Amino acid sequence: EVQLQASGGGLVQAGGSLRLSCAASGFSSDDYVIGWFRQAPGKEREGVSCIRSSDGSTNYADSVKGRFTISSDDSKNTVYLEMTSLKPEDTAVYYCAADVGTIFRPVRLKFLLYDYDYWGRGTLVTVSS
């Protein structure tokens, strides 16, 4: 069974950096997508970034392009989200999730909540001004 766990959240000043980690396990396929999503108070959950395991391709939300970097360490079964130049509006609970696709739909680098089959518990990131 696929299991995910996000960690690394905390309090950081605006302009600072933080690295989140997503420990992932239980995949039966070598082609899946790990996505980072976030949800701020009073707002809907939104996609932040994602990475495909088979080729390392990535996607980013416009709001974080140039500031956030997603990467993976296959030896550690971990996906990272390096966040720099943090802004107060980045404050949210961050979740990692996995899209393993279906027989009718290969995995894709889109921020569609229904594409993601598994979700870990979130980690809170608070950016102070």
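Please read all numbers here as calculations on a predicted model, not as lab measurements.
At least one side-chain heavy atom of Ser63 sits under 4.5 Å from a side-chain heavy atom of Arg38. By the 4.5 Å heavy-atom criterion applied to side chains, Leu81 and Thr69 are not counted as neighbours. Ile70 has its side chain within reach of Tyr60: a pair of non-hydrogen atoms, C-beta onward, lies under 4.5 Å apart. Put simply, the side chain of Asp117 reaches to within 4.5 Å of the side chain of Asp99, judged on heavy atoms. Looking at heavy atoms from C-beta onward, Glu46 lies out of side-chain contact with Leu113 at the 4.5 angstrom threshold. Taking the side chain as every heavy atom from C-beta outward, Leu20 and Val125 approach each other to under 4.5 Å.
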Please test Val33 against Leu109 for side-chain contact (heavy atoms from CB on, under 4.5 Å), starting from the C-alpha separation and ending with a verdict.
CA-CA 7 Å; Val33 169; Leu109 297 172; 4.0 Å; yes
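The minimum heavy-atom distance linking Val107 with Gly101 is given by the pair CG1-N, 3.4 Å. Smallest separation of non-hydrogen atoms from Thr58 and Gly56: CG2-O, 3.4 Å. Closest approach of Val93 to Gly122, counting heavy atoms only: CG1-CA, 3.7 Å. Taking all atoms of both residues into account, the shortest heavy-atom contact from Ala23 to Thr78 is CA-OG1, 4.4 Å. When every heavy atom of Ala14 is checked against every heavy atom of Pro88, the shortest pair comes out as CB-CD, 4.2 Å.
In this structure, Arg108 pairs ionically with Asp115, as a charged nitrogen and a carboxylate oxygen lie closer than 4.0 Å. The pair Arg52-Asp31 meets the salt-bridge criterion, since a charged nitrogen lies less than 4.0 angstrom from a carboxylate oxygen.
With sequence neighbours left out, the side-chain hydrogen bond (donor to acceptor under 3.5 Å, both in side chains) criterion links Arg67 to Asp90. Looking at residues two or more places apart in sequence or on another chain, you find no side-chain hydrogen bond (donor to acceptor under 3.5 Å, both in side chains) involving Asn59. Residues satisfying the side-chain hydrogen bond (donor to acceptor under 3.5 Å, both in side chains) criterion with Asp73, sequence neighbours excluded, are Ser75. With sequence neighbours excluded, the residues forming a disulfide (SG to SG under 2.5 Å) with Cys22 are Cys96, listed by chain and number.
In this structure, CD1 on Ile34 lies 11.5 Å from OG on Ser49, to the nearest 0.5 angstrom. Atoms CD and OG, on Glu82 and Ser17 in that order, are 6.0 Å from each other to the nearest 0.5 Å. Atom CG of Leu18 sits about 9.0 Å away from atom CZ of Phe68, to the nearest 0.5 Å. A distance of 14.0 Å separates CD in Gln39 from OG1 in Thr91, rounded to the nearest 0.5 Å.
In terms of modelled atom types and a separation under 3.5 Å, the side chain of Ser57 and the main chain of Asp55 share no donor-acceptor contact.
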Please list, one pair per line, the donor and acceptor atoms closer than 3.5 Å that link side chains of residues 1-10 to other protein atoms, with sequence neighbours excluded.
none

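A continuous path of ILVMFWY side-chain contacts below 4.5 Å connects Val48 to Tyr32, so both sit in one hydrophobic cluster.
The ring-ring contact (aromatic ring centres under 6.0 Å, His included) contacts involving residues 87-129 comprise Phe37-Tyr116, Phe37-Trp119, where partners must be two or more places apart or lie in separate chains.
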